[in-house]
Number of protein chains: 2
Amino acid sequence: MAVGNVDFPGMNKVSGIRLGTSNAGIKQTERDDILVVEMTEGTTCAGVFTQNAFCAAPVHIAKDHLQQNPRWLLVNSGNANAGTGKQGMSDATTSCASLASIVGGTESQVLPFSTGVIGENLPIEKIAAALPKAVNFLQEHGWSKAAHAIMTTDTFAKGASLIINIDGHPVTVTGISKGAGMIQPNMATMLGFVATDAKINQTLLQKCLAEAVDQSFNRITVDGDTSTNDACILMASGCSSAAEITENSGNYLSFAKAVMDVCKRLAELIVRDGEGATKLMRIRVEQAANDAEAVMVGKTIAHSPLVKTAFFASDPNWGRILAAIGRSGIEQMALDKVETYLDDVCIVKHGERADSYTEAKGQHVMNQKEILVRVVLGRGQATQEVLTCDLSYDYVRINAEYRT
Amino acid sequence: MAVGNVDFPGMNKVSGIRLGTSNAGIKQTERDDILVVEMTEGTTCAGVFTQNAFCAAPVHIAKDHLQQNPRWLLVNSGNANAGTGKQGMSDATTSCASLASIVGGTESQVLPFSTGVIGENLPIEKIAAALPKAVNFLQEHGWSKAAHAIMTTDTFAKGASLIINIDGHPVTVTGISKGAGMIQPNMATMLGFVATDAKINQTLLQKCLAEAVDQSFNRITVDGDTSTNDACILMASGCSSAAEITENSGNYLSFAKAVMDVCKRLAELIVRDGEGATKLMRIRVEQAANDAEAVMVGKTIAHSPLVKTAFFASDPNWGRILAAIGRSGIEQMALDKVETYLDDVCIVKHGERADSYTEAKGQHVMNQKEILVRVVLGRGQATQEVLTCDLSYDYVRINAEYRT
């Protein structure tokens with residue numbers, strides 16, 4: 001039940017980055033569930049990871065290996081290798097070693113990622129058996145197959161790609177993501193892999209990724225549940241003919257915007273694939289005292305089951321939005337300054353129903369598939385957006401049937 | 001779809017407290033929707049109210065009138081008089097004046113309470129027309145009718161009553177509550193009215209109520225949405241033959257426990273009537289560093305849509321519970337100390353699946369209607385309980401169809 005246009009886009013290959021997939025039969029036998037990504041020598045690599053205290057074994061290992069000039073990513077779907085204790089750590093390391101032995105690298109040059117069921121041990125023999133085929137298929141045009149291989153409850157593959165111009169030289173930014181439930185990323189979404197052929201040092205690359213993730217994956221929520229396995233990786237192969245991108249340069253701003261745009265699209269696609277979603281809500285909080293306050297109000301609205309079910313029913317139930325704003329935790333809010341809009345229709349002015357509001361106007365907006373909820377707090381200059389989806393029967397069905 | 005035994009109990013009358021109901025046709029014509037409570041002269045009265053910044057007009061007025069020795073409560077269901085601005089304040093005051101003129105009191109001696117749809121003006125003429133009948137019916141045995149008159153989406157009336165012995169004299173504590181959705185009380189639930197014939201001064205009564213509410217209504221959640229109209233009132237008529245209850249006395253402890261027990265039962269009944277609920281989950285967090293931390297972990301689990309849908313499906317999906325604990329915001333949690341139990345079945349030990357755990361054992365507990373989720377943090381001595389219910393198709397149906 002994807003919301004809006006979610007066609008998989010044409011993906012520009014990234015010179016120096018090759019991808020290969022295969023089927024290990026971890027949870028299903030029909031779709032590839034293993035992805036190997038090879039980064040050419042000299043690639044810099046940045047990563048952000050879940051802040052869930054019970055982060056999965058592969059998250060621990062990937063954080064560690066990230067500091068050791070990694071050359072490969074090893075991703076599996078169908079099993080999260082989370083809540084698996086010492087055995088999980090050992091299994092993640094063993095899988096890294098399996099790949100290393102095939103490609104001629106070292107265990108510490110492999111970053112592992114897992115997504116799927118929590119609490120079951122990783123089938124390391126199945127994975128080892130599937131690796132040679134994935135390595136054999138490594139190619140720069142492997143993005144679409146890669147996007148499919150990392151899916152779990154996703155109903156479509158998610159990709160974004162663009163080419164920018166740096167001093168007359170093309171620089172590509174291409175990425176994929178997965179996720180549909182257990183989505184309130186705190187540092188990163190379930191899984192996002194973004195690559196570029198730009199030349200850029202690791203420190204600056206990490207800064208660029210952190211900023212992009214903060215405004216993209218960290219601004220979406222489906223159900224408020226932060227996963228144990230969230231990770232987002234940004235790889236820079238340096239294969240572009242463009243000069244190295246340096247801090248505080250105009251080129252950095254262009255590059256950072258491209259990374260941000262790709263991350264925002266990948267994050268938005270996750271909300272459009274939100275479990276059971278029938279509507280996309282963009283909640284923009286304006287005139288907040290600061291960014292944190294704007295995000296707090298936005299997320300309180302986005303997490304309210306009452307607001308989410310009202311949107312599912314196309315019911316312009318503005319009282320529920322107002323109640324969510326009121327419980328969001330802002331101290332000493334000047335209610336008479338609060339305004340709320342559904343797209344251009346003002347529903348609340350001076351903290352109460354706007355005189356100009358009619359049920360017909362509200363209903364007209366509510367019938368749309370994509371709705372902007374705009375909250376004006378009248379407290380300052382900060383604006384932040386949070387993206388979410390509605391709460392439908394199908395969310396309950398999917399999560400009552402599926403073992404995360 | 002009430003969970004467990006929710007039969008309306010025998011209610012002990014409280015000497016000095018009379019209740020009368022009538023039908024004003026605010027939203028429905030078949031059931032009484034107006035409740036008037038009369039407190040005999042000399043009754044002390046304590047109250048706690050929602051902390052939602054957009055609290056409703058009657059909440060503002062009731063807070064104000066509470067300081068002026070109130071003698072009457074005026075409650076209506078079907079309309080919350082919230083988000084109604086200046087008109088709402090005027091309407092609430094007018095209704096108080098209408099009742100005062102009938103009973104021969106002053107406007108400021110009436111506490112108003114409203115529950116129902118947000119954002120529509122209160123039909124003050126309908127209410128005024130229905131008041132004489134409610135006043136005419138005032139009687140000490142009016143508790144059952146009162147409990148029915150304050151219902152909105154509730155599927156059953158909620159009451160609790162007990163008699164304790166103070167130095168050989170009986171003291172009664174009797175109360176009613178309402179609520180099923182928009183339930184994560186912050187100070188009090190939707191509406192709770194508790195009365196006693198004890199003699200106790202207002203300051204001590206307020207302290208007693210605040211403590212009781214903190215451990216009862218403030219420890220339940222259905223959907224995490226704090227209402228704009230929450231209020232809980234404790235009335236002490238002083239008509240009992242028992243001596244006045246004074247601070248730091250054994251009698252105070254007995255009395256406070258009775259008030260606590262009544263409030264806990266009234267709060268639990270709200271969860272048992274949670275919108276669409278099929279299961280009751282009692283989430284007990286033990287060995288937390290402090291009470292706030294225990295509540296934080298309990299509420300994170302209780303609010304997780306993934307946990308709630310797993311319980312609806314009777315799926316022992318402990319990974320979702322672990323993920324919720326992990327994202328609850330505790331700094332530097334020692335994962336290897338964390339244990340989790342479903343009733344007596346240990347599912348997580350040392351931060352991972354317990355060796356003794358089997359799916360069959362977990363499934364056995366999950367098939368029950370009432371389940372204790374016990375989380376042991378290994379960080380300190382604090383224990384707190386949070387009550388919640390599961391998330392079912394019917395929650396979505398009810399809230400997609402009902403205009404709060």
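Residue numbers begin at 1 in each chain, while the letters A, B, ... track the order of the sequences. Everything numeric here is computed off the predicted structure, so don't read it as measured data.
Comparing Ala82(B), Ala313(B), Ala53(B) by heavy-atom pairs within less than 4.5 Å of chain A, the highest count is held by Ala53(B). If you tally non-hydrogen atom pairs under 4.5 Å between each of Gly351(A), Ala56(A), Gly85(A), Ser314(A) and chain B, the highest count goes to Gly85(A). Counting heavy-atom pairs under 4.5 Å between each of Ala80(A), Gly83(A), Ala323(A), Gly326(A) and chain B puts Gly326(A) at the top.
Heavy atoms of Val338(B) lying under 4.5 Å from chain A belong exclusively to its side chain. Of the atoms belonging to Ser304(B), heavy atoms from both backbone and side chain fall under 4.5 Å from chain A. When heavy atoms are compared at a cutoff of 4.5 Å, Phe312(A) approaches chain B solely by way of its side chain, counted from C-beta outward.
Results of the side-chain hydrogen bond (donor to acceptor under 3.5 Å, both in side chains) test with Ser114(B) over Asn76(B), Asn81(B), Thr84(B) single out Asn76(B) as the only residue that passes.
Side-chain atoms of Asn399(A) do not come within 3.5 Å of backbone N or O of Leu306(B) as any donor-acceptor pair. Side chain of Asp390(B) to main chain of Thr278(B): a donor-acceptor pair is present (N/O by atom type, distance under 3.5 Å, no hydrogens or angles).
Between Phe113(A) and Phe49(A), the two ring planes are parallel [angle under 30°; tilted spans 30° to 60°].
In this structure the side chain of Phe217(A) never reaches within 4.5 angstrom of the side chain of Asp230(A), judged on heavy atoms.
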